[in-house]
Amino acid sequence: MKVAIAKEGNLVSAHFGHCEGFEVYEIENNEIVSKTFVENPGHRPGFLPKYLAERNVNVIISGGMGANAQEIFRRNNIEVIVGASGELENVIKEFIDGKLKTTNSVCHEHKHHDSCGNH
């Protein structure tokens with residue numbers, strides 16, 4: 001299983017589309033077997049879900065994400081967990097332990113008014 005976390009530095013990014021990139025964890029038998037950084041190639045509506053699907057990501061974790069992106073991830077069979085915050089290592093441990101739950105929140109308003117795909 002591959003789990004991507006939208007990141008800024010060592011923290012979960014507050015907004016998926018404008019993160020610096022994704023820490024992609026490969027998990028087998030509830031253990032992290034590898035960790036790879038994938039740089040954000042740029043925010044374009046509908047692009048990032050397909051980009052991560054091509055990298056065999058099964059789960060995306062972020063602070064916030066727009067409704068369009070969430071729907072595209074689901075159409076690509078990628079589980080969406082939003083509302084996460086904190087240090088990456090703590091968040092991935094919570095996920096592995098089954099303690100990380102999505103808030104199902106949809107990003108509507110923030111300083112990047114168009115970054116959710118809601119124009």
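These values consider heavy atoms only, across backbone and side chains, with no hydrogens, waters or symmetry-generated copies.
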Any chance you could measure Ile72, atom CD1, to Lys50, atom NZ, to the nearest 0.5 Å? 6.0 Å

As a quick check of understanding, evaluate side-chain contact (heavy atoms from CB on, under 4.5 Å) for Val24 and Phe37, giving each step before the final call. CA-CA 6 Å; Val24 180; Phe37 176 71; over 6 Å; no

Going through the checks in order, is the side-chain contact (heavy atoms from CB on, under 4.5 Å) test met by Leu100 and Ile61? CA-CA 10 Å; Leu100 186 65; Ile61 299 172; 3.6 Å; yes

What residue pairs, at least two apart or across chains, pass ring-ring contact (aromatic ring centres under 6.0 Å, His included) with a residue in residues 52-97? Phe16-Phe73

Shortest non-hydrogen contact from Val57 to Ala4? CG1-CB, 3.9 Å

Of the non-hydrogen atoms in Phe22 and Ala6, which two are nearest, and what is the gap between them? CD2-CA, 3.8 Å

For the atom pair CD (Glu87) and CD1 (Ile92), what is the distance rounded to the nearest 0.5 Å? 14.0 Å

Distance-minimising heavy-atom pair for Ala84 and Val91: CB-CG1, 4.4 Å

Nearest heavy-atom contact between Val12 and Gly63 is CG1-N, 3.6 Å

How long is the span from the CD atom in Glu89 to the CG atom in Leu11, to the nearest 0.5 Å? 11.5 Å

Quick one: does any side-chain atom of Asn58 pair with a main-chain N or O of Val3 as donor and acceptor, under 3.5 Å? no

Test your reading of the model: is there a side-chain donor-acceptor pair from Lys101 to the backbone of Gly98, 3.5 Å cut-off? yes

Could you walk me through whether Val80 and Arg74 pass the side-chain contact (heavy atoms from CB on, under 4.5 Å) test, one step at a time? CA-CA 7 Å; Val80 176; Arg74 289 186 187 105; 4.2 Å; yes

Examine Ile5 and Met1 and state if one hydrophobic cluster contains both, with Ile, Leu, Val, Met, Phe, Trp and Tyr joined whenever side-chain heavy atoms are less than 4.5 Å apart. yes

Any chance you could measure Ile81, atom CD1, to Glu94, atom CD, to the nearest 0.5 Å? 10.0 Å

Would you kindly confirm whether Val59 and Leu48 end up in one hydrophobic cluster when ILVMFWY residues are joined by side chain heavy atoms under 4.5 Å apart? no

For Thr36, check side-chain contact (heavy atoms from CB on, under 4.5 Å) against everything at least two apart and list the hits. none

Please check if the side chain of Gln70 supplies one atom and the backbone of Met65 the other of a donor-acceptor pair under 3.5 Å. yes

Between Asn40 and Gly42 (side chain of the first, backbone of the second, donor and acceptor by atom type, cut-off under 3.5 Å), is there such a pair? yes

Among pairs that include at least one residue of residues 2-14, which meet side-chain hydrogen bond (donor to acceptor under 3.5 Å, both in side chains), considering only residues two or more places apart or in two chains? Lys7-Glu23

Using 0.5 Å steps for rounding, measure from the CG atom of Asn29 to the CD1 atom of Ile96. 11.0 Å

CD1 (Ile27) and OG (Ser34) are apart, to the nearest 0.5 Å, by 9.5 Å

